[in-house]
A.B. asks: 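This is the structure, below, for whatever I ask next.
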Amino acid sequence: MTEHYKLYEGYIKKYNEITEKLKTADQASANQAFSDFRSLKVDLTFAIGGVKNHETYFGHLGGEGGEPSGKLLEKITKDFGSFAAWQADMKATAMAARGWSWLAYDWQQDKLFNYIGDAQNSFPVWDATLLVALDVYEHAYYLDFQTKRADYIDTFFQNLDWSVVESEFASFEK
Ligand SMILES: [Fe+2]
């Protein structure tokens with residue numbers, strides 16, 4: 001967790017630094033191959049992604065795992081078939097990812113889906129709300145699990161606080 005916090009602090013500092021620089025950045029020289037303006041705009045999404053992803057990650061750890069209950073469990077069962085099917089898909093997504101596996105609610109589709117992320121800023125979609133963020137950058141598991149990413153993912157599930165996720169879902173579910 002200490003490693004995550006160090007990175008998290010760095011993302012906040014960089015977000016603030018980029019936001020400041022954008023105020024005076026040269027728009028006239030904006031260029032898609034390379035330009036300061038492009039770098040600032042791209043890296044801003046990395047920095048703010050790193051902040052938001054980690055806030056969700058920190059917020060729902062420290063629990064006792066198990067399964068969610070109530071409307072969240074109903075929705076997971078409806079959209080994935082069962083809680084076990086959701087967990088299997090979330091784990092597979094995390095094994096296939098280079099950065100994150102995210103459970104999010106898509107407002108237009110009225111559907112939960114496990115999204116894959118290769119970085120702090122890829123590949124979220126519009127009109128979706130993040131519910132579970134599983135960090136699979138190497139800093140998340142290498143110190144404790146070396147290359148055994150699957151064991152780290154199982155431990156993540158065992159420490160997930162579903163009450164936090166249930167509250168978030170209840171705050172907007174229809
Ligand atoms: Fe992290």
Side-chain angles (χ1 to χ4, degrees), residues 1-22 38-68 72 76 80 83-84 86-106 112-172:
M1 295 311 286
T2 307
E3 297 307 309
H4 292 287
Y5 274 115
K6 279 193 263 178
L7 289 163
Y8 172 72
E9 285 174 358
Y11 296 135
I12 290 173
K13 281 183 193 148
K14 283 297 171 189
Y15 175 77
N16 291 334
E17 184 183 331
I18 294 166
T19 301
E20 206 49 44
K21 284 193 173 176
L22 273 170
R38 175 185 159 78
S39 298
L40 291 166
K41 284 281 182 170
V42 171
D43 292 336
L44 178 94
T45 68
F46 192 92
I48 195 63
V51 172
K52 293 184 180 188
N53 294 329
H54 279 96
E55 284 179 353
T56 299
Y57 182 76
F58 297 144
H60 60 30
L61 279 176
E64 294 179 351
E67 296 188 11
L72 179 58
I76 286 174
F80 291 92
F83 176 75
W86 169 78
Q87 198 167 30
D89 186 80
M90 186 73 171
K91 185 171 182 177
T93 305
M95 291 302 291
R98 296 169 187 167
W100 292 89
S101 179
W102 293 298
L103 169 66
Y105 173 75
D106 184 306
L112 295 169
F113 188 79
N114 293 325
Y115 294 88
I116 194 166
D118 276 355
Q120 307 295 353
N121 54 351
S122 69
F123 309 92
V125 298
W126 296 123
D127 282 336
T129 299
L130 179 58
L131 287 166
V132 176
L134 169 46
D135 194 342
V136 289
Y137 270 90
E138 279 190 355
H139 71 256
Y141 60 89
Y142 197 82
L143 282 174
D144 293 325
F145 299 90
Q146 290 74 53
T147 55
K148 298 186 194 105
R149 187 194 287 202
D151 290 356
Y152 156 73
I153 294 166
D154 291 340
T155 305
F156 172 87
F157 286 134
Q158 286 160 15
N159 288 274
L160 197 51
D161 186 346
W162 280 109
S163 69
V164 174
V165 186
E166 284 163 13
S167 298
E168 180 64 16
F169 186 63
S171 73
F172 63 76

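One is the number of the first residue; the rest follow in order along the sequence. In each ligand, atom 1 is the first atom listed, and ligand 1 is the first ligand listed.
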A.B. asks: How are the rings of H4 and Y57 set to each other: parallel, tilted or perpendicular (split at 30° and 60°)?
C.D. replies: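 Ring orientation, 0 to 90° scale: tilted.
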A.B. asks: Any idea which N/O/S atom from H4 gets closest to the Fe ion (ligand 1)?
C.D. replies: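 Looking at H4, the N, O or S atom with the least distance to the Fe ion (ligand 1) is ND1.
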A.B. asks: Can you tell me if D135 has an N, O or S atom under 2.8 Å away from the Fe ion (ligand 1)?
C.D. replies: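 Checking D135: at least one N, O or S atom is under 2.8 Å.
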A.B. asks: For the pair H54 and W100, name the ring-plane relationship: parallel under 30°, tilted 30 to 60°, perpendicular over 60°.
C.D. replies: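 Because their plane-to-plane angle is over 60°, the rings of H54 and W100 count as perpendicular.
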A.B. asks: Run the salt-bridge test on E9 and K13 with the 4.0 Å N-O cut-off and return the result as yes or no.
C.D. replies: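 The answer is no: the pair does not qualify as a salt bridge.
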A.B. asks: Taking the N/O/S atoms of H139 one by one, which is nearest to the Fe ion (ligand 1)?
C.D. replies: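 Atom name of the closest N, O or S in H139: NE2.
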A.B. asks: Can you list the steps and then say if L7 with Y11 is a side-chain contact (heavy atoms from CB on, under 4.5 Å)?
C.D. replies: CA-CA 6 Å; L7 289 163; Y11 296 135; 4.0 Å; yes
